[in-house]
Amino acid sequence: GAWDSVANMLNDVETSMYGGQQEEAVEEEPPEPKTAAEQVMRPAFIPTSQKVAPKTSLHVYSAPGEEEKEIGKRLRAMRAEETVPLRVHFRNLAWREFEIPKKTTGDELCMIVAKHLELERHVANFRVFESIEKKEKELPGNRPVIRAKNRWAPFEDEEGHDVTEAFCMIIVAPMNGAPQNFQMLYRKHTYNCRRYKLNEWKMPDIVGAVKQKLM
């Protein structure tokens, strides 16, 4: 009667919307292969209800799992541990030894020292200098400082004691032409050895004459 007419109308609407009569999906077994070659090439049959998603292609980003995150964390920690000791002097020859990464540049060393002296606001006025037998030159800010130290030929006294650090120094100090107020702050902070844990300069004991060994 009336309900049958309504049901037929609904079926007609579904047919027009979805392009044909919707049938219930039925899982079918694939046909048996006809030849031995087809038997070998036939893929394993997976029922529709158990089908798995295709493998992710290489160019598609997937978030790292917990294991990858842990490995990345350990590698970063290893890189952070690759440090070398560097004795840094100041204009009054007070000094402090810093543990710095091997690739620390001159500009980065200035930031380390400025932070230690609580002079971060004035970091742009710091420079790194190399002093060898009182002959001084400014080191470039974009190159690793440790390279300069590695080029030093060692100094020894007559008994073979290494006294290189008495003649070769890395100095972090105000740049040439730095503002007067910054120079006064620098002097004040570097003479406050107790607060900033600096070591006062003391000439090492040298036995007899000093000679420089050829590299």
Side-chain angles (χ1 to χ4, degrees), residues 61 63-64 68-156 161-204 212-215:
Y61 172 78
E68 288 83 355
K69 290 180 181 178
E70 183 64 25
I71 292 173
K73 186 186 300 182
R74 291 177 61 184
L75 289 176
R76 287 192 294 273
M78 290 173 62
R79 287 196 293 269
E81 292 172 0
E82 292 177 356
T83 60
V84 292
L86 179 68
R87 178 181 288 199
V88 175
H89 287 264
F90 303 95
R91 282 294 177 214
N92 60 352
L93 293 186
W95 60 275
R96 177 179 173 82
E97 191 170 273
F98 293 90
E99 285 287 333
I100 64 171
K102 293 180 179 179
K103 295 183 179 181
T104 299
T105 64
D107 290 341
E108 291 168 341
L109 181 61
C110 288
M111 288 188 282
I112 293 171
V113 172
K115 182 175 178 62
H116 182 77
L117 295 176
E118 298 179 328
L119 294 172
E120 299 100 312
R121 292 174 56 189
H122 304 275
V123 66
N125 293 314
F126 280 95
R127 293 293 185 273
V128 180
F129 301 89
E130 176 188 46
S131 176
I132 300 178
E133 293 188 278
K134 298 183 179 180
K135 295 178 181 178
E136 191 174 289
K137 71 174 182 179
E138 183 177 333
L139 296 178
N142 60 351
R143 295 181 186 175
V145 177
I146 205 67
R147 289 183 185 176
K149 181 182 178 181
N150 290 341
R151 290 195 298 264
W152 294 347
F155 287 80
E156 291 183 351
H161 300 134
D162 188 341
V163 292
T164 305
E165 291 182 341
F167 300 93
C168 301
M169 302 177 184
I170 295 294
I171 302 172
V172 177
M175 67 178 183
N176 297 327
Q180 190 67 29
N181 65 330
F182 167 66
Q183 296 190 43
M184 292 175 63
L185 281 172
Y186 173 87
R187 178 182 175 86
K188 176 182 178 181
H189 288 223
T190 54
Y191 271 96
N192 195 343
C193 294
R194 178 176 295 181
R195 175 170 181 173
Y196 297 106
K197 299 180 181 179
L198 308 180
N199 302 286
E200 296 183 4
W201 169 250
K202 180 182 178 182
M203 187 68 177
Q212 187 178 21
K213 295 177 65 177
L214 298 177
M215 297 288 286

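These values consider heavy atoms only, across backbone and side chains, with no hydrogens, waters or symmetry-generated copies.
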In Å, rounded to the nearest 0.5 Å, how long is the span from CH2 of W95 to CD1 of I171? 14.5 Å

For the CD atom of E82 and the CD1 atom of I100, what is their distance to the nearest 0.5 Å?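 That separation rounds to 13.5 Å.
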
Going by atom type alone, with no hydrogens or angles, which donor-acceptor pairs under 3.5 Å involve a side-chain atom of residues 141-149 and a protein atom two or more places apart or on another chain?
none

Do [X] and [Y] make a side-chain contact, defined as non-hydrogen atoms from C-beta onward lying under 4.5 Å apart?
X: V128; Y: V172; answer: yes
X: P174; Y: N125; answer: no
X: F126; Y: L119; answer: yes
X: I170; Y: L109; answer: yes

Would you say the side chains of T105 and D107 form a donor-acceptor pair under 3.5 Å?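 Judged by distance alone, the side chains do not pair up.
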
Is the centre of the H116 ring less than 6.0 Å from the centre of the F98 ring? yes

Kindly assign one of parallel, tilted or perpendicular to the pair W201 and H89, based on the angle between their ring planes and the thresholds 30° and 60°. perpendicular

Is any side-chain N of the basic residue among R91 and E136 closer than 4.0 Å to the acidic one's carboxylate O?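 A salt bridge is present here (some side-chain N lies under 4.0 Å from a carboxylate O).
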
Within 6.0 Å of CD in E200, more than 12 heavy atoms from elsewhere: no

Stepwise, does the side chain to side chain contact (heavy atoms under 4.5 Å, CB included) test hold for E130 with W152? CA-CA 10 Å; E130 176 188 46; W152 294 347; 2.8 Å; yes

